[in-house]
Amino acid sequence: MPQPEPLSVDDALDRLVNQFSDSMAFFRELIQNALDAGSEEVEVWFEHRPGPTDDLMVIHVDDWGAGMNREIIDTRLTRLFSSSKDGDLTKIGKFGIGFVSVFAIAPQAVSIDTSRDGEHWRIVFDEQRRFSLIRRDEPVEGTKIEIYKPASASEFEAFRTRASEVVRYWCKHVSGEIRVDGELINEPFDLELPCKVSRGRDDEQVVVGHPRDGEAFAGFYNRGLTLVEEPMIPGIAFKASSAKLEHTLTRDDVIREAGFTRLMAAVNELIAGELCELVFAKLDAAIRELTPDPAASPDDEQREWLEYLWDAARFHEQADHAVPVSPNAALFRSPSGALVGWQAVRKPKRRRVIIARGPSPLAELLEREGATVVWLPEPWIRGRALLDALAPDTVRLEQWCTALPPRDTDEAVRWQILASEVARLLDDWGAKIGGVRLGHLDYAQSSVAERVAITQAEFGEATALDDAGELGTGLFASRRVVVLNADHPTIRTIAALAQTEPELGAYLAVKAFFLGSRLDAETDEKLATLTHDRRILRVGARA
């Protein structure tokens, strides 16, 4: 079997030059080398030099580390696959091949000035990556690198902008000070999140929290140098740094081995413990700070804060870990302003959890009866999502109804004639009802304001909408109360008619109640006959 031909030195070097998918990654390699050399600061800066034919861009990377002597230059800089970094966890460059990535941008020349142990050197690489070693008379502190590349003014500006982004991405959390064109790019090892926890232990550092936009983020670092940043756990953002983490050869990922596994265990422990407790503690505090009267709507900032916390709470409720929350921890408010806690949502008394968009006489009644009523205005989507996660079998307030009593005695008296006559007509017809009452059905969030009447087991109770329907066969033996809608224009007109023609008013009221359900010709004929006979008796008696 024929053997593949071995790579030539040039081919091997080409592969190393282009080892990274992003040609700008050489900045990371040079800065990493500077930090490994003990420099506490690195300066990256740019020059644009107009020329008679071609403009020239000069890229400077300056450090103040230990520098290099002749031995280091020969064995580590200009000789591939040689490194003294194996086994030293303070240096993450395992292979001494990062420097060659500088040639990925096809420079015209690269010049390096360095000093160490009384030796002062300049190393110059040309376009073919051949180098010359020149002894210098003057010392230089650390190592100063200059990279020369033809570039127009617009190309220079584009390169400088992109270079700044690259350096920020890879080096924002390193311990040394990194400057790009004089601007410090270092950032604290932290996340700008309103709800987060952190832990530092030995050589590990972790910070984890809930992002405001819900977008997952995971960042892995070694000595603050970025290894990889990517989404990982939905609903969670975290940064984790450890000297035991290692990147892949192509620097595009972190090696998923024992160090990575231990670090992820620490992340998950924080999520399930301290972060979970913090979320529900902050939610409890935010709910308690709400104005007790939900009619006074929270401002946008307060609403957004609640939505954020509800979303974070839902994450933990749906996660695999336990949720260590006190039964009395506040999760919502009721329409009356009362606190609604964990236990009330988990185990609602008498009925399912009821959602109200605001204060209402019906909501107040349900609360008095012991139901769990949660105040959630329509746009509060994340609050509804948490409630659905806690109590999947919820209902809206509009799935219930009630009847409010007459506003005063005079109103009750005015309606008594129609109510009595409707009761008499239904009794003559054969319905076994529990009476006829006047009631107001037009109140906040009412689902029966357009009905001419409803039925209730007891007047003024909270009635499930399915049980408040039009008159039907079940009414005959149900002993339910028929409630005439005092707010309906048809019923109000009929009530006025009943003052002079009570039988006709009762007939029209019952007929209106029957419309759309079971008003057939036979029923209508019987009602009309009963009405006529009753009227004849009344008129005859009066004569």
**Q** Should Leu465 and Val448 count as side-chain neighbours, where that means a heavy-atom distance under 4.5 Å?
**A** yes
**Q** Would you call the rings of Trp380 and Trp310 parallel, tilted or perpendicular, taking 30° and 60° as the class edges?
**A** tilted
**Q** Taking side chain as C-beta onward, heavy atoms only, is Ile31 less than 4.5 Å from Val44?
**A** yes
**Q** Going from CG on Leu390 to CG on Leu331, what distance comes out if it is rounded to the nearest 0.5 angstrom?
**A** 6.0 Å
**Q** State plainly whether the residues Glu157 and Arg160 are in salt-bridge range, i.e. N to O under 4.0 Å.
**A**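 Arg160 and Glu157: salt-bridged.
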**Q** Which heavy-atom pair separates Glu229 from Thr226 by the least distance, and what is that distance?
**A** CG-CG2, 3.9 Å
**Q** Other residues, nucleotides and ligands only: do more than 12 of their heavy atoms fall within 6.0 Å of CZ on Arg201?
**A**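 At most 12 heavy atoms, drawn from other residues, nucleotides or ligands, come within 6.0 Å of this atom.
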**Q** Mark yes or no for whether Ser39, through its side chain, and Leu35, through its backbone, hold a donor-acceptor pair below 3.5 Å.
**A** no
**Q** Should the heavy atoms of other residues, nucleotides or ligands under 6.0 Å from CD of Glu450 be counted, would the total exceed 12?
**A** no
**Q** Indicate the atoms forming the closest heavy-atom contact of Leu270 with Ser198, along with that distance.
**A**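 Smallest heavy-atom distance, with atoms named: CD1-C, 4.4 Å.
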**Q** Keeping Asn186 on the side-chain end and Gly176 on the backbone end, is there a donor-acceptor pair under 3.5 Å?
**A** yes
**Q** Roughly how far apart are Arg223 CZ and Gln32 CD, rounded to 0.5 Å?
**A** 7.0 Å
**Q** Determine the interplanar angle of the Phe27 and Phe159 rings, folded into 0 to 90°, and report it as parallel if under 30°, tilted if 30 to 60°, perpendicular if over 60°.
**A**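 The rings of Phe27 and Phe159 sit tilted, inter-plane angle from 30° to 60°.
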**Q** Mark yes or no: Lys282 above the aromatic ring of Phe280, with NZ or CZ under 6.0 Å from the six-membered ring centre and no more than 45 degrees from the axis.
**A** no
**Q** What I want to find out is whether Glu398 reaches Arg357 closely enough, with some N-O distance under 4.0 Å, to be called a salt bridge.
**A** yes
**Q** Side-chain contact, heavy-atom cut-off 4.5 Å: Tyr169 with Asp22?
**A**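 Answer no - side chains too far apart.
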**Q** Taking all non-hydrogen atoms of both residues into account, name the closest pair between Asp442 and Ala449 and its distance.
**A** OD1-CB, 3.7 Å
**Q** Applying side chain to side chain contact (heavy atoms under 4.5 Å, CB included) between Ile355 and each of Thr372, Leu397, Leu387, report the one that passes.
**A**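 Of the listed residues Thr372, Leu397, Leu387, the side chain to side chain contact (heavy atoms under 4.5 Å, CB included) partner of Ile355 is Leu387.
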**Q** Can you tell me how far CZ of Arg451 sits from OG of Ser446, rounded to the nearest 0.5 angstrom?
**A**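 Rounded to the nearest 0.5 Å, the OG-CZ separation comes to 9.5 Å.
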**Q** Given side-chain contact (heavy atoms from CB on, under 4.5 Å), test Leu263 with Val206 step by step and report yes or no.
**A** CA-CA 8 Å; Leu263 198 58; Val206 177; 3.9 Å; yes
**Q** With heavy-atom distances below 4.5 Å as the criterion, would you say the side chains of Gln302 and Asp299 are in contact?
**A** yes
**Q** Is the count of non-hydrogen atoms from other residues, nucleotides or ligands lying under 6.0 Å from Gln399 atom CD greater than 12?
**A** yes
**Q** Would you find a donor on one side and an acceptor on the other, under 3.5 Å apart, between the side chain of Glu461 and the backbone of Ala457?
**A** yes
**Q** Counting only heavy atoms not in Gln343 (residues, nucleotides, ligands), do more than 12 fall under 6.0 Å from its CD?
**A**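 Open.
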**Q** List the steps, then state whether side-chain contact (heavy atoms from CB on, under 4.5 Å) holds for Val208 with Glu274.
**A** CA-CA 10 Å; Val208 58; Glu274 294 176 32; over 6 Å; no
**Q** Do Leu283 and Leu306 come within less than 4.5 Å of each other through their side chains, counting heavy atoms only?
**A** yes
**Q** Indicate yes or no for a side-chain donor-acceptor contact from Tyr221 to the backbone of Phe189 under 3.5 Å, with no hydrogens or angles considered.
**A** no
**Q** For a quick check under 3.5 Å, do Gln205 and His173 share a side-chain donor-acceptor pair by atom type?
**A** no
**Q** Between Ser360 and Gln445, does any side-chain donor sit less than 3.5 Å from a side-chain acceptor?
**A**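 Judged by distance alone, the side chains do not pair up.
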**Q** For the pair Glu269 (side chain) and Gly273 (backbone), establish whether a donor and an acceptor sit closer than 3.5 Å, ignoring hydrogens and angles.
**A**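 No, Glu269 side chain to Gly273 backbone: no donor-acceptor pair under 3.5 Å.
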**Q** Walk me through it: do Ser241 and Asn222 pass the test side-chain contact (heavy atoms from CB on, under 4.5 Å)?
**A** CA-CA 5 Å; Ser241 180; Asn222 182 314; 5.6 Å; no
**Q** Any carboxylate oxygen within less than 4.0 angstrom of a Lys/Arg side-chain nitrogen, looking at Arg407 and Asp487?
**A** yes
**Q** Restricting to non-hydrogen atoms, name the atom on Phe513 and the atom on Val482 that form the minimum distance, rounded to 0.1 Å.
**A** CE2-CG1, 4.0 Å
**Q** Could you tell me which non-hydrogen atom of Leu366 sits nearest to which non-hydrogen atom of Ala462, and how far apart they are?
**A** CD2-CB, 3.5 Å
**Q** For the residue pair Lys196 and Lys239, establish whether any side-chain heavy-atom pair is separated by less than 4.5 Å.
**A**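 SC-SC contact between Lys196 and Lys239 ruled out.
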**Q** Mind checking whether Ile454 and Thr463 have side chains closer than 4.5 Å, heavy atoms only?
**A** no
**Q** What's the spacing between Arg179 CZ and Asp62 CG if we round to 0.5 Å?
**A** 12.5 Å
**Q** For Gly142, is there any backbone N or O sitting under 3.5 Å from a side-chain donor or acceptor partner on Asp63?
**A** no
**Q** Looking only at side-chain N and O atoms, does Ser336 offer a donor or acceptor that is under 3.5 Å from a partner on Glu367?
**A**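 There is such a pair (donor and acceptor under 3.5 Å, judged by atom type) between the side chains of Glu367 and Ser336.
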**Q** Is there a side-chain contact between Val483 and Phe459, using heavy atoms and a 4.5 Å cut-off?
**A**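 When only atoms from C-beta onward are counted, Phe459 and Val483 do touch, with a gap below 4.5 Å.
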**Q** Taking atom CD as the centre, does Glu192 end up with more than 12 heavy-atom neighbours from other residues, nucleotides or ligands that are less than 6.0 angstrom away?
**A**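 Open.
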**Q** Tell me whether Asp311 contacts the main-chain N or O of Arg382 through its side chain, where contact means a donor paired with an acceptor under 3.5 Å.
**A** no
**Q** Could you tell me the separation between the OG1 atom of Thr394 and the CG atom of Leu376, rounded to the nearest 0.5 Å?
**A**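 Spacing of OG1 (Thr394) from CG (Leu376) equals 9.5 Å.
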**Q** Checking side-chain contact (heavy atoms from CB on, under 4.5 Å) for the pair Leu365/Trp400: CA distance, chi angles, key distance, verdict?
**A** CA-CA 11 Å; Leu365 173 62; Trp400 293 82; over 6 Å; no
**Q** Can you tell me how far OG1 of Thr402 sits from CG of Leu441, rounded to the nearest 0.5 angstrom?
**A**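 Rounded to the nearest 0.5 Å, the CG-OG1 separation comes to 8.5 Å.
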**Q** On a heavy-atom basis, which atom in Ala509 and which in Val422 lie closest, and how many Å separate them?
**A**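 What the structure gives for the nearest pair is CB-CG2, 4.0 Å.
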